[in-house]
Every structure is written in structure tokens, then in C-alpha cells.
Protein chains: 2
Amino acid sequence: MKDPNNPVCQTITGLLQRIGDKWSVLVVETLGGGSLRFNELRRAIPSVSQRMLTLTLRNLERDGLVSRTVTPSIPPRVDYELTELGQSLTKPICGLVQWSMDNVGAIHAAQARYDEGQDEAAAA
Amino acid sequence: MKDPNNPVCQTITGLLQRIGDKWSVLVVETLGGGSLRFNELRRAIPSVSQRMLTLTLRNLERDGLVSRTVTPSIPPRVDYELTELGQSLTKPICGLVQWSMDNVGAIHAAQARYDEGQDEAAAA
DNA sequence: CCGAATCCTGAATGATACTG
DNA sequence: CAGTATCATTCAGGATTCGG
């Protein structure tokens, strides 16, 4: 179960890393509202750079979580949408986000306590 | 909700990153079975380096997810244990891990399809 | 036994400019 | 509009060594 050579574990680790990266969760949640074009996504997440949005979408697409639909017109049009797999992932993700929001206070308090202990240790 | 200056969002992002880092989830799951000493953890997760285990534990401790109990004896003894907060986090994490295991096949298939498409594009 | 300090490498991120 | 290419920077992670 903890064998790093086990391909299942590698896949789980990969997914966790994707979730841990800076934009994937935000993009998935944003697409949870429905299909969006590239620049609509950019506007919905103002702090993401064009490059990182592209890379994030490519990774999500590779994992089968997001579908990419190109309409060859002028100007070009590319729509991104959660796949069924992507939709199903939003449930556990929401569980995690919900937990975070429920426990933001406790986490901040713990961090403050910890940092205070570090301060007095540094002062000694 | 997506404002990067919102402290709640920063906390959520921080938690997601912790989850995405290479060892935190593994440590939390391992400690789910009960209190363990430092080297017991190392043996339970053979691939982790001493340094990364120390850092991971410090981060988890700072967030209030893990408690660290020092028994000043010779040799020294340090026990790590999930706090109540840490215990409660295992539920959403398990949801995520469960989802991964349920969908490993679909993810692999999607990746294979994607990579194949990339290959033929590269061959053109 | 537990951990801190140091050094090093690769990957993630970001700013900027260019293209069909 | 929707990218790709390039460059610079930062940081996580790992190997090694030393200390209490």
C-alpha cells in the first residue's frame, strides 16, 4: 500500500500532487459551473498567468478530468468542460474544501501557538 | 472566494499544498493507526528521508494536525500522534484516496489516449 | 535516538514576447 | 482568441554530515 513502485500508489500520488498544485482545484471548481472558454477562465481566475492556465488545463485534460473542444473559426474558440470523471472528482474535493473552511479557525490558532513557541525559543 | 488575498483562501490553498506534498498524506495515514515514534515512522515509510520526515512532521505539527511528545530519557524518545483535528482530516482524505482507487483505471486509460494522440501529432 | 545544518539538483511557477 | 517559446526565479526534495 505504501510501496512507491506500486502503480496504483503512483497514480494516487500523482492525483494528490495535482490537487496540491496551485491552480488545478481552482480550475476544476470554476468549471463546475459549466463549460467555459479559455479567456473566460482567465477572467474568472484573475491571478493565473496564461502559461499556467494552459499547463493546468493540459494536465487535467491528460488525466481525463477536463475535455477540450476546438471550434475552428475566426477567431478560434476553445471550450473547456469537466468530464464525467472530473465531475465525480468534485465531490471529494468539496469535502476537503469544506473541511478546510470548517477548521480555518483551529488551524490558524494552532499556527499562532506554534509560531509563538518558536519565537520564545529563538529569544532564548 | 477566489481572491488570493482572502486569508481563508490562503489557508485552504496551504492545506491543499500540504496534501499535495510528497509525504504528508502518507504520514497522516500511517499515524491513523496510532501513536508512533520517529524511527517507527521511518520504518513504516521506508522511502522517506530523515530530513523530509522531520520537515513533514514539523509542518503537520504547526497546523495542529499532529502532536509531538518528547520524553527526555536516554536515548531520547519522541512520539507523534494525530490530534483530534488530524483525525477529523482523515475522513476527507480517505474520500479522496478512495476516489483515486476507484478511478485508477479510468485515469490510466485517459492518459494513454492522450499520450497516443501526442505521439501521432509528433510523428506528423 | 532524534534532529539540525549544509549543499545541490530538478521541477514548478511566473514575466515577457511572439504566432496562427 | 488561444496558445507557444524563452528566460529567470524560487522552492521542494534528497544526500550528506554533524550534534546532543
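Below, chain A is the first sequence line, B the second, and so on; all start at residue 1.
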K.L.:
How does each nucleotide of nucleotides 4-20 of chain C score, in 5' to 3' order, for protein heavy atoms under 4.0 Å: base (B), sugar-phosphate only (S), or none (-)?
P.N.:
B-B------BBB-B--B
K.L.:
Using a heavy-atom cut-off of 4.0 Å to chain B, what are the terminal contacting nucleotides of DNA chain D, in 5' to 3' order?
P.N.:
dG13(D) to dG20(D)
K.L.:
Is there a donor-acceptor pair closer than 3.5 Å between any side-chain N or O of Thr83(B) and the backbone N or O of Gly64(B)?
P.N.:
yes
K.L.:
Any idea which heavy atoms bring Arg77(B) and Asp79(B) closest together, and the distance?
P.N.:
NE-OD2, 2.9 Å
K.L.:
If the condition is side chain to side chain donor-acceptor pair (under 3.5 Å), which residues does Ser24(A) pass it with, not counting sequence neighbours?
P.N.:
Asp21(A)
K.L.:
If you look at every heavy atom in Pro92(B) and Ser88(B), which pair is closest and at what distance?
P.N.:
CD-O, 3.2 Å
K.L.:
Working to the nearest 0.5 angstrom, can you tell me the gap between Ser67(A) OG and Leu60(A) CG?
P.N.:
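One gets 11.0 Å once the value is rounded to the nearest 0.5 Å.
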K.L.:
Within the pair Tyr80(B) and dC1(C), is there a side-chain N or O less than 4.0 Å away from OP1 or OP2?
P.N.:
no
K.L.:
Over all heavy atoms of both residues, which pair between Ser100(B) and Ile12(A) is shortest? Give the atoms and the distance, please.
P.N.:
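Scanning both residues completely, I find the closest heavy atoms to be CB-CG1, 3.7 Å.
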K.L.:
How far apart are the closest heavy atoms of Tyr80(A) and Leu31(A), and which atoms are they?
P.N.:
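The answer is O-CD2, 3.5 Å.
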K.L.:
Tell me the closest heavy-atom pair linking Phe38(A) and Leu53(A), and the distance in Å.
P.N.:
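Smallest interatomic distance, heavy atoms only, reads O-CD2, 3.8 Å.
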K.L.:
Is there a side-chain polar atom (N or O) of Arg77(B) under 4.0 Å from OP1 or OP2 of dC2(C)?
P.N.:
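Looking at the OP1 and OP2 atoms of dC2(C), neither is under 4.0 Å from any side-chain N or O of Arg77(B).
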K.L.:
Grab the CG-P distance between Leu57(B) and dC2(C) for me, whole Å please.
P.N.:
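Rounding to the nearest Å, CG of Leu57(B) and P of dC2(C) are 11 Å apart.
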